[in-house]
Structures are given as C-alpha cells and as structure tokens.
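Quick notes on the structure that follows.
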Number of protein chains: 2
Amino acid sequence: MSKFSEELAQAFQTVSLRPTAQRYAVLEFLARRRVHATAAEIFDALNRDDPRASRATVYNNLHSLAKAGLVREVHGEGKAARFDASLHPHHHFVCETCGDIEDLPWFDLPPGFSRSAAGKREVRAYEIVFRGVCVRCRGTRGVR
Amino acid sequence: MSKFSEELAQAFQTVSLRPTAQRYAVLEFLARRRVHATAAEIFDALNRDDPRASRATVYNNLHSLAKAGLVREVHGEGKAARFDASLHPHHHFVCETCGDIEDLPWFDLPPGFSRSAAGKREVRAYEIVFRGVCVRCRGTRGVR
DNA sequence: TCTAAATTTAGAATAAGTCTAAAGCAAGGA
DNA sequence: TCCTTGCTTTAGACTTATTCTAAATTTAGA
Ligand SMILES: [Mn+2]
Ligand SMILES: [Mn+2]
Ligand SMILES: [Zn+2]
Ligand SMILES: [Zn+2]
C-alpha cells in the first residue's frame, strides 16, 4: 500500500467516515490532482473507463467529506460549485478572466484582526479570496 | 428628491448605466435594506404589490450592476447566489448554523501580504470570508 | 453469523439561472 | 422635432446544477 493511499485511509480513520470504494475514489481524485473540479467533472473522470460511482453518490460524498473537513467547497465565477481536497489550509485566487481557481499559500491574519473584526461572533475559520488576472491570462496580451 | 435617491442617481451617473425604473428598483432594494438577498427574494419583493420587473430583468440588472461594481455577488451556504449593495467595501461573515451573511467592517491586509501571496498574479480585489456562528445562533444554546 | 445503520443507485423532480425573439425606450445627431 | 441605433425589458421556454426517492447493497460491530 503506497504512502499516499495510507494517508487517505488514515484521513478517513481520523474523521470516522467509512472508506467505501466510491468515497475513496472521490477523495483520491481531488487529492491527487490538486484541482478545483465541479461535481460533474469528478463524475465524468471517475466513470471514464468503467462505472465507479453514480452522480448522487459523488454529491453525497462531496458533502460528507466537506462536513468532515477533508474537502472544501469553493465558488468561483461559474454557477457550479467547485471542490478541492482540503488536507492543508490555503487561500484562493480566482481569475476573473478565465474563471480558474488557484491555491495560494496560507498565512495567518495578524493576531487580533479576526477577533476584533468579528465582534461577538464565534469565528471557526476564515479564508482570503483574491480576485484578478492569473499569470496565464496576463500573458495573453490584448486578448479579452 | 431625497438625499438617498440622489446618491443612487449619482451612482448610476458615475458608472454610466442608464437609470431605468427597474434597475433603480433593484439597487434601491439592496441599498435600503442592507441584506444579502437572492435573486428570487428580490424579484418577489419588487413585485409584491404590482409588477415592477420581470425575472430576467432582475438577473440582467444584478449582473450589470455587479459588473459596474455597485452590487456584489456573495456565496453563502445555500446554492442560490446572494447580492448586496456594494457602495462601501467590507468583509463578510457567514453563519454556518443559520446561513445568514453579515457585513464586517473593512480593514486592509498588512501592506505586502497580498502582493507576496499572489506572486505574479494581478490582484484587483480581495475579500476575507469568516465562517462560524453568529450572535443570534450562539444565544440558542443547545439547539442545533 | 446476524442486525441495524450507512451507503449506493437510477432516474425523477426541483431549483437556479440563461436564452430568445419581439417590443419598448432613451440618447444624441440631423 | 424626427430618426436612428443601441440599450433594455419581457414572458416563457430552456438548460444546468443539485436534490430527492425508494429499493438494493454494503458495512461495522455484536
Ligand atoms: Mn484550493
Ligand atoms: Mn455584504
Ligand atoms: Zn486566467
Ligand atoms: Zn446564525
């Protein structure tokens, strides 16, 4: 068993989610390819060769994984939600030109910022979303 | 003409959008009630008494206003997009319990943070999204 | 091995948002 | 004022994304 699959199995263990074949496939897809895929993209990828998970199951697992904190739901430009393996914290960059979502390294808000900003609310997490033009789109001079 | 409606008219002026009755109604609704409403909620509110704007027009104007920067599209818990008048910059807090979105006062990232985080990307805007439990839901002890 | 709870599934159903084509308006030039 | 042209609005059909349903299967644990 590879180190990678051990890591996934371990992840299921610690959040006490049954490691079914379908659930494993969904998480594996997102963890291997560090993309921000839509449910439809995941469904297609998993079933390209032979049927591995139904559409409902892909959604079910994205939600159970998200609730467990192993997957994160991100909203970019389009209306379909996007998902990424959330094994390590990070911020996001959304390209307003091509719609791509990219990971940015995590950094903490200066201590005190989040507490004072949120008042009496209980902050469990935060994320900074940057918007602009990605490197690829900046290169495409003049094209809009 | 009230100071408020002058302000809206002014806003249309500066972004050179025609101040049609329907477009005005959409922006007025969001600017008066500082909510984060879905397109459906806005449509219902505008047409409660008599027909004021069609569904397509509500969407059309939300998009034209968003492109002009007068309105912002926010994604909370549900799948429907939410909109707010964006006349002043602010951050957001999303309650994971009731789904409500609340405004937080704006504060800048420490200078250098955003530039170094984003690498060669061109950052046009950023927003911090906090998640947790709102004051109202914290009060509801024990209830989940 | 047995049982109860969790999971999967195909397909129907719903919800959110977009598109179309025709009609209505508004700004600016002649 | 009268055009012309480009926005804008509209109803309703349509597409896309996501959820629901109810029956079959699988899983963990006793
Ligand atoms: Mn990510
Ligand atoms: Mn807001
Ligand atoms: Zn791009
Ligand atoms: Zn709440």
Side-chain angles (χ1 to χ4, degrees), chain A residues 8-29 36-47 50-68 70-84 99 101, chain B residues 8-9 11-30 36-47 50-68 70-84 99 101:
Chain A
L8 296 195
Q10 180 57 244
F12 283 128
Q13 193 79 49
T14 58
V15 300
S16 38
L17 271 184
R18 293 187 186 174
T20 68
Q22 293 86 345
R23 182 172 289 154
Y24 185 92
V26 169
L27 184 56
E28 185 191 27
F29 176 84
H36 299 85
T38 64
E41 287 167 357
I42 298 168
F43 173 78
D44 289 347
L46 295 191
N47 298 297
D50 32 33
R52 293 216 286 155
S54 74
R55 197 150 36 92
T57 294
V58 170
Y59 277 105
N60 286 344
N61 283 324
L62 286 171
H63 293 150
S64 60
L65 289 167
K67 194 149 77 174
L70 296 180
V71 151
R72 182 146 51 141
E73 186 175 339
V74 189
H75 287 270
E77 299 290 84
K79 60 186 160 175
R82 294 185 166 274
F83 299 86
D84 66 342
I101 301 177
Chain B
L8 296 196
F12 284 129
Q13 193 77 49
T14 58
V15 299
S16 36
L17 271 184
R18 292 188 189 172
T20 68
Q22 293 86 343
R23 182 172 288 155
Y24 185 93
V26 169
L27 184 56
E28 183 190 29
F29 176 85
L30 290 176
H36 300 84
T38 63
E41 287 167 355
I42 297 168
F43 173 79
D44 289 346
L46 295 190
N47 298 297
D50 31 35
R52 293 218 282 157
S54 75
R55 198 154 41 95
T57 295
V58 170
Y59 277 105
N60 286 344
N61 283 325
L62 285 171
H63 292 152
S64 60
L65 289 166
K67 193 148 76 174
L70 297 180
V71 151
R72 182 146 52 140
E73 188 175 338
V74 189
H75 288 269
E77 299 291 83
K79 61 184 160 177
R82 294 185 165 274
F83 299 86
D84 67 341
I101 300 177

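Labels below follow one simple rule: chain letters A, B, ... track the order of the sequence lines, proteins then strands, and each chain is numbered from 1.
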For this session: Determine whether A:F12 and A:L27 make a side-chain contact, defined as any pair of heavy atoms from C-beta on separated by less than 4.5 Å.
Result: yes
Exercise. In whole Å, what is the span from the NE2 atom of A:H75 to the P atom of D:dT16?
Worked result: 19 Å
Seminar exercise, completed: Here the distance between atom C1' of D:dT8 and atom CG of B:L17, to the nearest Å, is 11 Å
Exercise. For B:R23 and C:dC25, what is the distance between atoms CZ and P respectively, to the nearest whole Å?
Worked result: 16 Å
Exercise. Would you say a side-chain N or O of A:Q22 is under 4.0 Å from OP1 or OP2 of C:dT9?
Worked result: yes
Exercise. Between atom CD in A:E41 and atom C1' in D:dT16, what is the gap in whole Å?
Worked result: 14 Å
Exercise. Quick one: are B:L30 and B:L62 in side-chain contact, heavy atoms under 4.5 Å?
Worked result: yes
Exercise. Under 4.5 Å between any side-chain heavy atoms of B:E73 and B:V71, yes or no?
Worked result: no
Exercise. Looking for any heavy atom pair under 4.0 Å, which part of the strands does A:A80 touch: base, sugar-phosphate only, or nothing?
Worked result: sugar-phosphate
For this session: Rounded to the nearest angstrom, tell me the gap between atom CG in A:L62 and atom C1' in D:dA17.
Result: 13 Å
Exercise. Can you find a side chain N or O atom of A:S54 that sits less than 4.0 Å from OP1 or OP2 on C:dT8?
Worked result: no
For this session: Specify the separation, in whole Å, of atom CZ of A:F83 and atom P of D:dA17.
Result: 12 Å
Problem set entry | Protein-nucleotide distance (A:Y24, atom OH; C:dT8, atom P), rounded to Å | 15 Å
For this session: May I ask you to evaluate whether B:H63 reaches the phosphate of C:dT18, defined as a side-chain N or O under 4.0 Å from OP1 or OP2?
Result: yes
For this session: Indicate, with a heavy-atom threshold strictly under 4.0 Å, whether A:T20 touches base, sugar-phosphate, or nothing.
Result: sugar-phosphate
Problem set entry | Closest-nucleotide 5' rank along DNA chain C - winner of B:P19 and B:K79 | B:K79
Exercise. Does A:N61 put a side-chain nitrogen or oxygen below 4.0 Å from OP1 or OP2 of C:dT8?
Worked result: yes
Problem set entry | B:N47 side chain vs B:S54 backbone, donor-acceptor pair below 3.5 Å | no
Exercise. Aromatic rings A:H75 and B:H75: how do their planes relate, parallel, tilted or perpendicular, breaks at 30° and 60°?
Worked result: parallel
Exercise. Between C:dA10, D:dT9, C:dG17, which nucleotide has the shortest distance from any of its atoms to the side chain of A:A56?
Worked result: C:dA10
Seminar exercise, completed: Atom CG of B:L65 and atom P of D:dT9 are separated, to the nearest Å, by 10 Å
Problem set entry | Presence of A:Y59 side-chain N/O under 4.0 Å of D:dT19 phosphate oxygens OP1/OP2 | no
For this session: Have a look at A:A53 and say if it touches a base, only the backbone sugar-phosphate, or nothing, with a 4.0 Å heavy-atom cut-off.
Result: sugar-phosphate
Exercise. Are A:R55 and C:dT9 close enough that a side-chain N or O sits under 4.0 Å from OP1 or OP2?
Worked result: no
